[in-house]
Undergrad: 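One structure coming up, written as C-alpha cells, with questions to follow.
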Amino acid sequence: MDNDTAADWCRELHDAPAGTRVGLIRSALSVVLDHDADTYLDDDFAVEAVAAAAVIATQVPGGPRLDSPPPAVGHWRSARAKNHNAPMTGEMANIVGWRWLDVRLQRRARRQVRAEPAPGRLRRVVTAAVAAVVQVGAFVVLLGGAWLCTVRFPSVALLPGAVLVLFGVLTLPRPATLPRDAVTVRRVDAPALYALADRVADALGVSRPHVVVLDDRFAADSGFAGFLRRRYLRIGAPLWAVLDPAQRTALVALELARFGGGDPSRGALTGTVERTLATMVAVFEPAADKRMQVGRDNDVVKMISANPGQRVGEEQASTNLAESLIRPFVALLQGVFGLVRLGYLTLLQPGSFRAVLAADARAVAVAGASQVRSVLATRLLAESVVTVLRRDARAGDRSGAVRRDEPETVVAGWPALAADVLTKNTPSLPERCDADVARTASPFAVTPPLGRRLEVLTEAAEPPAAGTPPTLSADPQESAATDVEVRPVYRRLVRDLRNG
C-alpha cells in the first residue's frame, strides 16, 4: 500500500499466532465502526482498518494477493506504535532497536505471558541482590564524583568528577510519583469514596490507602508514591462513570488487592531499581538524540538568518564534530542500560505476574467473579466504550423530555451504554483477549495484559466457584454518593468529550 503504518500492522498480523489473527482484524475494524462519524478519526486507526479490510478481501474467492514487505533490519518503530501500547502494560516497540531481535524478544514475551509463573526463591534472592548492587553502586558513584570535584579544587579531576556526580544523580533510587494532572481527593471532601475503599481494604485484609486520586483515564491503578511510600488508589473518572455499584466495588477490590504483598515490582528496593533503569534508557534513547539534532539545526538556521551572506564559522563545525564523536558513546550506553534493564526484568517479571494474578483471585473472593470479569472486560473494550461515550456526550435531546445540558444527566446513562457495548462484544471476547496479548505483551511489562488476566479468571470460573457469593456486597446509596463527590471531575470530563 506504500504506507508504513499499514505495513507495520500487517507485520504484527503476520507475527501473531494463528489463533489471535482474527482478533487483531476484528479489533482494527471495531475501532472505526464504533467511531462517531461526526468526530475526528485518527488516521492511524483508519489506515489499520483499511489494511484489515484488504486482508479480508484476499480471503474471498478470486481475491487479490496482498504482499507487505517487512521493514529493514535496524528500522526503529514509529512513535505511534509506542504511544498506543505503552500505558498500564509496558513498552511494546523499540525493545532493542534491531527488528530481527525485537521480533524474537516479543515472541518470548508472549510465551512468558501464557506460561504459568512458578514461584522461585532463588529468583527472588537474585533479583534483590541485583537491585542492591545497583542502589549501592549509584551512591558510590555519586560520592566518588563529589570527592573528585572537591579534592585539590580546582584541578583536572573536576571534569570527571562532575560526570560521575551527574551519572550518580541519574541512577539514584526513584520512587513513584503521582501525575501532575491527577486530582487528589481529601477524605473530608469524599467520605463515601473513602468509606468504600476502607470497606474493601478491610475485607481483603490489606492496609487502607492513604489517598484517593482521580484523573481522566479510562483506567485505574494503585501503588506507593513518594519517599514515604504513601499508598494511593487512582481511579479514572470515565471508567468510574460507566460502572454500576457492584462493578465499582470490584474495581476497587482489584486495585487494593495488590497491596497484599509479594509483588517485586512494588518493593521498596526492587521496584525503584526498575524505574531507575527505565530513566537511564530514556536519557540515552535515540529520540533524545534526534531532539538534539533538531535543536542544532534550528540554531544553524538562526545563525544564517542573522548573518545573511556569511559562512557558518568553525565553531559550528567543531560542534558537529563533537556530537559525531559523542553519538556512538551515547548509543553504547543506551544499549548497555537497555540490556541491563531487560535482564533485570527477566528476573522480576514472573514474580510480578504471579502477584497480579493472585491479587485478581483475592478480588474475586471479595467482589464476585462475574463482577471482576466484567470490569476487566470493560477496560479491555476501552476504545469502543469511549467512542460511545463521546457520541452520547455530543448528542442533544430534541424532544426536550430530558435536560442534557447538565453533565450529571449525561453521565447517569453511561452504565447502560457500557453494558450494551459489553453485551454486543461478549461473543468476541476470546478473540479480543488473544489480540490484546499479541499487541501488548512486552519484556518490559510488570503486569500481565488485561486479556491474559481475563482469560485466567474465565478459566478458573468452574461451576462450583462461579456460584460462590462474594463476601462484600455493593451499596447503591454509597455508590450514588460517590457520584456526587466526583461531580466536578464529571463536568470537566463531559466538557472535554464534547469539545473533542
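FYI, the numbering just counts along the sequence from 1. Predicted model only: the values in this text are computed from it and were never measured.
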Undergrad: Roughly how far apart are L454 CG and C433 SG, rounded to 0.5 Å?
TA: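 L454 atom CG to C433 atom SG measures 4.0 Å (nearest 0.5 Å).
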Undergrad: Can a side-chain donor-acceptor contact be found between S479 and R248 if the only test is distance below 3.5 angstrom?
TA: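 The criterion, which ignores hydrogens and geometry beyond distance, is satisfied for S479 and R248.
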Undergrad: I'd like to know if R432 pairs up with D436 as an ion pair, taking the criterion as any Lys NZ or Arg NE/NH1/NH2 lying under 4.0 Å from an Asp or Glu carboxylate oxygen.
TA: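 No salt bridge links R432 with D436.
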Undergrad: Indicate yes or no: at least one non-hydrogen side-chain atom of P238 is less than 4.5 angstrom from one of R390.
TA: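 Answer no - side chains too far apart.
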Undergrad: So, taking the atom named CG in L204 and the one named CZ in F259, what distance separates them when rounded to the nearest 0.5 Å?
TA: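 Here the interatomic distance stands at 11.0 Å.
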Undergrad: Please tell me if the side chains of D221 and Y232 come closer than 4.5 Å, counting only heavy atoms from C-beta onward.
TA: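 SC-SC contact between D221 and Y232 confirmed.
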Undergrad: Without hydrogens or angle criteria, can the side chains of Q135 and T272 be said to hold a donor-acceptor pair below 3.5 Å?
TA: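 Their side chains do contain a donor-acceptor pair, which is all the 3.5 Å distance test asks for.
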Undergrad: If we only count heavy atoms from C-beta on, is the R234 to R217 side-chain gap below 4.5 Å?
TA: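 Of all side-chain heavy-atom pairs linking R217 with R234, at least one is under 4.5 Å.
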Undergrad: Begin with the C-alpha distance, continue with both residues' side-chain angles, and end with the deciding distance and a verdict on side chain to side chain contact (heavy atoms under 4.5 Å, CB included) for V364 and D360.
TA: CA-CA 6 Å; V364 166; D360 291 346; 5.6 Å; no
Undergrad: Run the salt-bridge test on R373 and E459 with the 4.0 Å N-O cut-off and return the result as yes or no.
TA: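 A salt bridge is absent here (no side-chain N lies under 4.0 Å from a carboxylate O).
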Undergrad: Just how far is it from atom CG of D483 to atom CG of L193, taken to the nearest 0.5 Å?
TA: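 Here the rounded value is 10.0 Å.
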Undergrad: For the residue pair R230 and F224, would you count it as a cation-pi contact if the rule is NZ or CZ under 6.0 angstrom from the ring centre and within 45 degrees of the ring axis?
TA: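 Here R230 fails the 6.0 Å and 45° test against F224.
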Undergrad: For a side-chain hydrogen bond (donor to acceptor under 3.5 Å, both in side chains) with S352, tell me which candidate from T447, T127, D263 qualifies.
TA: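 For S352, the side-chain hydrogen bond (donor to acceptor under 3.5 Å, both in side chains) test succeeds with only one of T447, T127, D263, which is D263.
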Undergrad: Side chains of W240 and T482: closer than 4.5 Å at any heavy-atom pair?
TA: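 Yes, close enough: below the 4.5 Å cut-off.
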Undergrad: Quick check for you: to the nearest 0.5 Å, what is the distance between R266 atom CZ and R229 atom CZ?
TA: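 The CZ atom of R266 sits 9.5 Å away from the CZ atom of R229.
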Undergrad: Roughly how far, to the nearest 0.5 Å, is the CZ atom of F353 from the CG atom of L348?
TA: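 Separation between the atoms: 9.5 Å.
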Undergrad: Are the side chains of V185 and V213 in touch, meaning some heavy atoms are under 4.5 Å apart?
TA: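 A side-chain contact is absent here, since even the closest heavy-atom pair is not under 4.5 Å.
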Undergrad: Closest approach of P443 and L345, non-hydrogen atoms and distance?
TA: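 Nearest pair, atom of P443 first, then L345: O-CB, 3.7 Å.
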Undergrad: Looking at Y194, I'd like to know if the NZ or CZ of R199 sits under 6.0 Å from its six-membered ring centre while staying within 45 degrees of the ring's axis.
TA: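 Because its charged atom misses either the 6.0 Å distance or the 45° angle limit, R199 does not stack over Y194.
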Undergrad: Salt bridge check, R21 against D434: does any charged N sit closer than 4.0 Å to a carboxylate O?
TA: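 Salt bridge flag = no for R21 with D434.
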Undergrad: If you measure from OG on S222 to CD1 on I235, what distance do you get to the nearest 0.5 Å?
TA: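 That separation rounds to 10.0 Å.
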Undergrad: Step by step, would you call L254 with L376 a side chain to side chain contact (heavy atoms under 4.5 Å, CB included)?
TA: CA-CA 9 Å; L254 275 170; L376 292 177; 4.0 Å; yes
